[in-house]
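Heavy-atom basis, side chains included; hydrogens, waters and symmetry copies ignored. For ligands, and for the atoms within them, numbers begin at 1 and follow the listed sequence.
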Amino acid sequence: MIEVVSAARCVACDVCVKVCPTDVFERGPDGVPVIARQGDCQTCFMCEAHCPTDALYVAPFSDPAPPGSPHADEAALGPALGAYRRIVGWGSGRTPGSRADKNHLFTRRVRVVPERPED
Ligand code: SF4
Ligand code: SF4
């Protein structure tokens, strides 16, 4: 279940808001997404996989983390943020031959790489 959005890492690209199949997030006033409907989370990890800055953490449980759990503590999680994305090899330099993040939702917004003609 989604537990953490790191405001320090987030670049307000809206990718997680768009890819979540159950509409768990709302865009916050500063652009950082808010976990608005945690109970609708299906623990599918798609938001964590797509986040270009490793700002999300989905705990591997189907219920919310209890109070005080390290699974809801950004400082305690440390490198676990975005770990799912790293493990599946998404992101710059994580797959042989990849030089830049090519998530079309993200790059369209922040222009990390030039747009392809078909974008
Ligand atoms: S884990 Fe899946 S269902 Fe849960 S917030 Fe992320 S994208 Fe949405
Ligand atoms: S995908 Fe990551 S960087 Fe983009 S809005 Fe969501 S948390 Fe922020």
- Task: State the atoms of ligand 1, each with its element, that fall below the 4.0 Å cut-off from a heavy-atom position in Phe25.
- Result: 5 (S)
- Output the list of atoms in ligand 2 that are nearer than 4.0 Å to some heavy atom of Pro33, sorted by atom number. 5 (S), 6 (Fe), 7 (S), 8 (Fe)
- Value rounded to 0.5 Å, distance of CG in Asp73 from NE2 in His71: 11.0 Å
- What atoms in ligand 2 come closer than 4.0 Å to a heavy atom of Pro52? 1 (S)
- Message: Quick one, Gln42 with Thr22, criterion side-chain hydrogen bond (donor to acceptor under 3.5 Å, both in side chains). Give me CA distance, side-chain angles, the key distance, then yes/no.
- Response: CA-CA 8 Å; Gln42 298 180 328; Thr22 54; 5.0 Å; no
- For atom 3 (S) of ligand 1, the closest protein heavy atom turns out to be Gln42 N, 3.2 Å
- Query: At a 4.0 Å threshold, what atoms of ligand 1 neighbour a non-hydrogen atom of Ile2?
  - Reply: 5 (S)
- Note on the structure: of all protein heavy atoms, closest to atom 8 (Fe) of ligand 1 is Cys20 SG, 2.3 Å
- Going by heavy atoms, is Val19 under 4.0 Å from ligand 1? no
- Query: Considering all heavy atoms of both residues, which atom of Phe25 and which atom of Cys20 are nearest to each other, and what is their separation?
  - Reply: CD1-CB, 4.1 Å
- Query: Is ligand 1 under 4.0 Å from a heavy atom in the side chain of Phe45, in the backbone, in both, or in neither?
  - Reply: backbone
- Query: Using heavy atoms and a threshold below 4.0 Å, how should the contact between Cys51 and ligand 2 be classified: side chain, backbone, both, or neither?
  - Reply: both
- Under 4.0 Å, heavy atoms only, figure out whether ligand 2 is touched by the backbone of Val11, its side chain, both or neither. both
- Query: Hey, looking at atom 6 (Fe) of ligand 2, which of Cys16, Ala49, Ser6 has the closest heavy atom?
  - Reply: Cys16
- Message: Under a 4.0 angstrom heavy-atom cut-off, which atoms of ligand 1 come close to Thr22?
- Response: 3 (S)
- Atoms of ligand 2 less than 4.0 Å from Cys10 heavy atoms? 3 (S), 5 (S), 7 (S), 8 (Fe)
- Query: Quick one: NZ on Lys18 to CG on Asp23, what's the gap to the nearest 0.5 Å?
  - Reply: 13.0 Å
- Counting from 1 in the order shown, the ligand 1 atoms closer than 4.0 Å to a non-hydrogen atom of Val24 are 5 (S)
- Query: With a cut-off of 2.8 Å, does Cys47 place any N/O/S atom under that distance from atom 6 (Fe) of ligand 1?
  - Reply: yes
- Tightest non-hydrogen contact, residues Arg27 and Ala12, listed as NH1-O, 3.4 Å
- Do any of the N, O or S atoms of Cys41 sit under 2.8 Å from atom 4 (Fe) of ligand 1? yes
- Which of parallel (below 30°), tilted (30 to 60°) and perpendicular (above 60°) describes Phe45 and Tyr84? parallel
- Item | Heavy-atom pair of closest approach, residues Ala55 and Arg9 | CB-CB, 3.6 Å
- Task: Apply side chain to side chain contact (heavy atoms under 4.5 Å, CB included) to Val32 and Val5, showing your working.
- Result: CA-CA 8 Å; Val32 176; Val5 178; 3.9 Å; yes
- Please report the shortest heavy-atom distance between Glu3 and Ala65, naming the atom on each side. OE2-N, 2.7 Å
- Query: Roughly how far, to the nearest 0.5 Å, is CG of Asp54 from SG of Cys10?
  - Reply: 12.0 Å
- Task: Could you tell me which non-hydrogen atom of Val24 sits nearest to which non-hydrogen atom of Asp40, and how far apart they are?
- Result: CG2-C, 3.9 Å
- Item | Atom indices of ligand 2, in the order listed, that fall short of 4.0 Å to a heavy atom of Leu56 | 7 (S)
- Item | For atom 2 (Fe) of ligand 1, closest protein heavy-atom neighbour | Cys44 SG, 2.2 Å
